[in-house]
Protein chains: 2
Amino acid sequence: MRDRQRAKTIEDVARLAGTSRATASRVLAGSPAVSDSARERVNRAAADLGYVPNAMARALATGRGDRIVLGIVSPQPVLSVDLYLGRAVTAATQAATAAGVGVSVHVLPLGAPNPLADLAADRTVCGVVLFNTTFGLLTSVPRALAGRAVSIGVGSDLVPSIDVDNGGAAREIARYLYATGRREIAMIGGPRWMPCTLRPRQAYTEVMASVGLPTRIVYGDFTADSGRESAARLLAQWPETDAIYASCDATALGVLSLLGERRIDVPGDVAVVGFDDIPYAQVGWPPLTTATHPVETIVEYAVQTVLAGRPGRADDRIFDSHLVLRRSA
Amino acid sequence: MRDRQRAKTIEDVARLAGTSRATASRVLAGSPAVSDSARERVNRAAADLGYVPNAMARALATGRGDRIVLGIVSPQPVLSVDLYLGRAVTAATQAATAAGVGVSVHVLPLGAPNPLADLAADRTVCGVVLFNTTFGLLTSVPRALAGRAVSIGVGSDLVPSIDVDNGGAAREIARYLYATGRREIAMIGGPRWMPCTLRPRQAYTEVMASVGLPTRIVYGDFTADSGRESAARLLAQWPETDAIYASCDATALGVLSLLGERRIDVPGDVAVVGFDDIPYAQVGWPPLTTATHPVETIVEYAVQTVLAGRPGRADDRIFDSHLVLRRSA
DNA sequence: CTGAAAGCGCTTACAG
DNA sequence: CTGAAAGCGCTTACAG
């Protein structure tokens with residue numbers, strides 16, 4: 001009873017199984033080079049003892065590291081966590097945990113000299129998933145991170161891009177608004193320092209050009225507040241606006257809020273479309289028309305790519321988005 | 001250049017500083033028992049080398065563990081992550097990361113035989129933060145976790161409770177609704193298996209009793225969908241209802257959605273109050289009256305308590321909540 | 001297929 | 001105040 005206190009080690013398992021530590025280690029690691037008899041004895045012993053391998057010791061011995069870091073580029077040195085980041089962190093933690101590794105988040109301040117140097121030197125990190133990546137950051141990724149760094153956003157020749165097809169979504173949204181008769185279509189773009197906001201902007205611009213409509217862009221920061229402000233600015237500058245495409249749902253909800261306050265009918269007077277399809281998109285009034293953004297799927301894929309750690313850069317991977325028609329447009 | 005590849009170890013630092021590994025370790029750990037000269041040389045060497053200590057090796061040597069686990073009780077074996085859990089996981093990850101430890105999340109299925117046994121045996125975990133705790137789970141907490149387990153929710157004689165004063169919030173809300181003339185006040189409670197939903201229910205019941213009003217409770221599951229359903233049930237059973245208090249904002253937004261759809265005026269016909277003060281509370285229409293829930297602060301405090309790892313049970317800690325008046329009530 | 005041995009990078013009594 | 005040495009719990013060439 002007394003020794004219940006001390007956690008069981010592989011040594012205990014080996015002793016009970018009557019093998020060496022090396023053999024116990026082999027069967028526990030699933031190596032095929034062991035006799036059936038040994039395999040059986042070790043497995044039984046491990047089960048009897050309630051053996052839980054010490055991941056740190058294993059990571060130390062293999063030199064593989066035991067945590068993956070989420071590197072989040074941020075204009076402020078202190079991170080402000082919105083719903084997107086919350087979903088991402090949670091999904092990453094789940095995926096990593098399932099693979100037996102932990103997670104930590106690092107803020108990468110915009111414009112810091114060499115933000116990734118420490119991470120590359122840290123043997124405990126098996127890989128890094130970058131968020132809100134900039135081109136500047138991408139050039140500072142140390143070669144030591146090659147093969148175990150991915151970017152949810154833009155990529156480079158070293159770092160694969162794993163992202164949603166937000167350009168395609170923007171195109172679909174713009175076309176839908178045009179097809180449903182809107183002729184004064186405005187867009188609220190994301191923060192200009194984020195390169196991943198470029199494609200939606202381009203897609204919107206292209207669609208407008210192709211149907212001979214003017215372009216009306218204003219920039220927000222992905223918050224609901226900026227949706228309110230942006231809508232007010234839009235309405236002031238182009239009172240005839242009959243559709244607003246916000247590049248995320250939070251911002252679109254802010255737009256809805258301002259329009260509600262001003263008793264502007266949605267979608268009668270102004271159609272509103274978001275992007276992300278967050279849970280709160282469907283509970284407001286009117287429910288928001290938007291396009292899907294499979295954040296969890298993307299992040300899980302990113303974590304697995306990093307963990308796979310194959311030599312060389314992994315392939316880019318773009319996930320589909322599709323329109324979800326509700327009542328706001 | 002070539003040896004840039006190999007991460008620097010404390011051995012490298014010691015060699016460059018001209019000391020033993022032991023001395024280098026002491027100054028890096030901040031031990032006072034070192035000469036100023038040694039301290040200075042070691043610190044300079046570490047800086048020059050860009051030395052990053054290997055947290056795994058340190059944890060192995062000290063036996064302290066290098067990650068804290070978030071144990072989330074769930075009725076389903078697979079976790080459904082709502083905004084609350086997303087905020088909690090993110091805040092925990094930030095707090096833990098700042099202390100140099102990682103995080104993993106474990107689902108603790110409701111009614112599993114001995115859900116915490118593995119965790120107690122795992123030397124890599126320095127502590128655990130429990131979410132959605134039940135009394136049953138609490139009784140199964142192994143003594144080995146004493147002093148390094150806390151509960152965001154109900155506690156036990158082994159596990160301190162760290163939580164928001166949701167009872168006080170419920171009392172304030174109920175009184176406010178009564179004070180503003182409501183006389184048919186209904187409540188949508190949280191899931192019945194969560195003991196932390198008990199205090200708000202009790203507070204509501206007590207206030208109603210104290211002013212001689214009947215009690216009208218229906219149970220949701222903290223989702224917006226259940227807010228819609230619960231509101232429909234409430235209206236069917238008690239058509240005269242003039243106020244609905246939902247025990248979380250997501251549910252309250254669902255209520256607002258159903259009421260909007262039925263063209264029931266809020267707050268004219270029915271007042272609606274939530275709890276949590278999530279960002280989305282203020283962007284819908286009408287903006288939601290609710291009470292604050294400092295999730296991040298609470299989780300950060302919990303992580304720090306676990307990391308402090310003092311012998312014996314830490315004190316309970318209840319965080320204040322206050323009413324935020326907007327337009328829905 | 002198996003075991004003895006060295007090693008992963010740190011910390012910490014123990015002597016001095 | 002300092003260093004040599006043992007140890008944390010694993011894995012993995014290396015020999016057999």
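Since this is a predicted model, take the numbers as computed values, not measurements. A note on names: the letters A, B, ... follow the listed sequences, proteins ahead of strands, and every chain is numbered from 1.
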Undergrad: Expressed in angstrom and rounded to an integer, what is the separation of B/L60 atom CG from D/dA6 atom C1'?
TA: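 Distance check: B/L60 CG to D/dA6 C1' gives 14 Å.
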Undergrad: Which heavy atom in A/R41 sits nearest to a heavy atom in A/G18, and how many Å separate them?
TA: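 Minimum heavy-atom separation between A/R41 and A/G18: NH2-O, 3.5 Å.
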Undergrad: So which of B/V150, B/V306, B/I162 actually passes side chain to side chain contact (heavy atoms under 4.5 Å, CB included) with B/Y301?
TA: B/I162
Undergrad: Can you tell me the Watson-Crick or wobble partner of C/dA13, both distances under 3.5 angstrom?
TA: none
Undergrad: On a whole-Å scale, what distance lies between the C1' atoms belonging to D/dG16 and D/dT12?
TA: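 The answer is 16 Å between these two C1' atoms.
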Undergrad: Looking only at heavy atoms, which two atoms of A/A96 and A/V303 are closest? And how far apart?
TA: N-CG1, 4.0 Å
Undergrad: Please confirm whether B/R87 makes a cation-pi placement over B/Y84, using NZ or CZ under 6.0 Å from the six-membered ring centre and within 45° of the ring normal.
TA: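 That pair does not qualify as a cation-pi contact.
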Undergrad: For A/D122 and C/dC8, what is the distance between atoms CG and C1' respectively, to the nearest whole Å?
TA: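 It is 15 Å, rounded to the nearest whole Å.
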Undergrad: Base, sugar-phosphate, or nothing for A/A55, non-hydrogen atoms under 4.0 angstrom?
TA: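 The answer is nothing, as A/A55 stays clear of every strand by at least 4.0 Å.
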Undergrad: Let me have a per-nucleotide readout for nucleotides 10-16 of chain D, 5' to 3', with B, S or -, counting only protein heavy atoms under 4.0 Å.
TA: BBBB---
Undergrad: Does B/S35 place a side-chain N or O at less than 4.0 Å from the phosphate oxygens OP1/OP2 of D/dC1?
TA: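 No.
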Undergrad: Any strand is fair game: report the nucleotide pairing with C/dA4 by Watson-Crick or G-U wobble, both distances under 3.5 Å, or none.
TA: none
Undergrad: Tell me, yes or no, whether the heavy-atom count around A/R64 atom CZ, taken from other residues, nucleotides or ligands under 6.0 Å, exceeds 12.
TA: no
Undergrad: With distance as the sole test, does A/S161 use its side chain to make a donor-acceptor pair with the main-chain N or O of A/G153 at under 3.5 Å?
TA: yes
Undergrad: Heavy atoms only, 4.0 Å cut-off, all strands: where does B/A38 land among base, sugar-phosphate and nothing?
TA: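 Result for B/A38 = sugar-phosphate.
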Undergrad: Please give, in whole Å, the distance from C/dC8 P to B/D66 CG?
TA: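 Between P of C/dC8 and CG of B/D66: 20 Å.
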